[in-house]
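Notes to accompany the following structure.
Quick note: residue numbers are just sequence positions, from 1.
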Amino acid sequence: MSESLKKDNILSYFVIASNKHDFNLDISLLVNGALVSGTLISAQDYFQSLSKSFEDGNDISKTVGEQLAKTSESLASQDNPDQPEYIHLKNSQIYFGGNKPTPSKGDILWRGKLSEVDSFFLGKITESKNTSSSK
């Protein structure tokens, strides 16, 4: 089966809207048994944010950051934006089994293949801030 037939058309539409119109959406994805929850962002935003994380490093780190920034810029003139292969999330967390999310802190960027997403639902999973216990 071709990869394009394995992609969910609705999820692909959300990614296209994000890539073309800077559309953000809280979403949770089931990917190979793990639940990935975060906010959908464009590929361009993903690479811009990723490049910023390399700004304060050594010369190699700065070079990597510059290449990621160039990738972000080239996505604006992408030849076929209607056939996305990847989905990008910010503020993401990964849940596997009954364990706490990984990572539990920080603004984490996540990139995954659309063809590997088994299902999704709208909304982001958040931890309850309630610390009181029932007796």
So, taking the atom named [atom1] in [X] and the one named [atom2] in [Y], what distance separates them when rounded to the nearest 0.5 Å?
X      : Y     : atom1 : atom2 : value
Leu35  : Ser28 : CG    : OG    : 5.5 Å
His88  : Leu50 : NE2   : CG    : 9.5 Å
Gln44  : Asp22 : CD    : CG    : 8.0 Å
Ser49  : Ile41 : OG    : CD1   : 5.0 Å
Ile108 : Lys90 : CD1   : NZ    : 13.5 Å

Less than 4.5 Å apart, side chain to side chain, heavy atoms only: is that true for [X] and [Y]?
X      : Y     : value
Leu122 : Phe14 : yes
Leu40  : Asn24 : no
Ile87  : Leu29 : yes
Leu109 : Phe47 : no
Glu85  : Lys7  : yes

Any chance CZ of Phe23 has more than 12 other-residue heavy atoms, nucleotides or ligands included, within less than 6.0 Å?
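Buried by this count: over 12 neighbours within 6.0 Å.
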
Heavy-atom donor-acceptor pair, [X] side chain to [Y] backbone, under 3.5 Å:
X     : Y      : result
Ser37 : Ile125 : yes
Asn19 : Pro84  : no
Ser18 : Ser42  : yes

Leu114, Tyr13: one ILVMFWY side-chain cluster at the under-4.5 Å cut-off?
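Yes, Leu114 and Tyr13 fall within the same hydrophobic cluster.
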
When you group the ILVMFWY residues by side-chain heavy-atom contacts below 4.5 Å and let the links chain together, are Val31 and Ile10 in the same group?
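Per the 4.5 Å side-chain linkage, Ile10 and Val31 are co-clustered.
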
If every non-hydrogen atom of Gly38 is compared with every non-hydrogen atom of Lys124, which pair is closest and at what distance?
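Looks like CA-CD, 3.5 Å.
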
For the pair Tyr46 and Trp110, evaluate side chain to side chain contact (heavy atoms under 4.5 Å, CB included) and give the outcome as yes or no after the intermediate values.
CA-CA 8 Å; Tyr46 171 84; Trp110 182 87; 6.0 Å; no

Can you list the steps and then say if Leu11 with Asn9 is a side chain to side chain contact (heavy atoms under 4.5 Å, CB included)?
CA-CA 6 Å; Leu11 186 57; Asn9 290 336; over 6 Å; no

Verify side chain to side chain contact (heavy atoms under 4.5 Å, CB included) between Asp8 and Phe120, making sure each step is shown before the conclusion.
CA-CA 9 Å; Asp8 183 293; Phe120 71 93; 3.8 Å; yes

Decide whether Thr39 and Asn91 meet the rule of one side-chain donor and one side-chain acceptor closer than 3.5 Å.
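No - no donor-acceptor pair under 3.5 Å links their side chains.
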
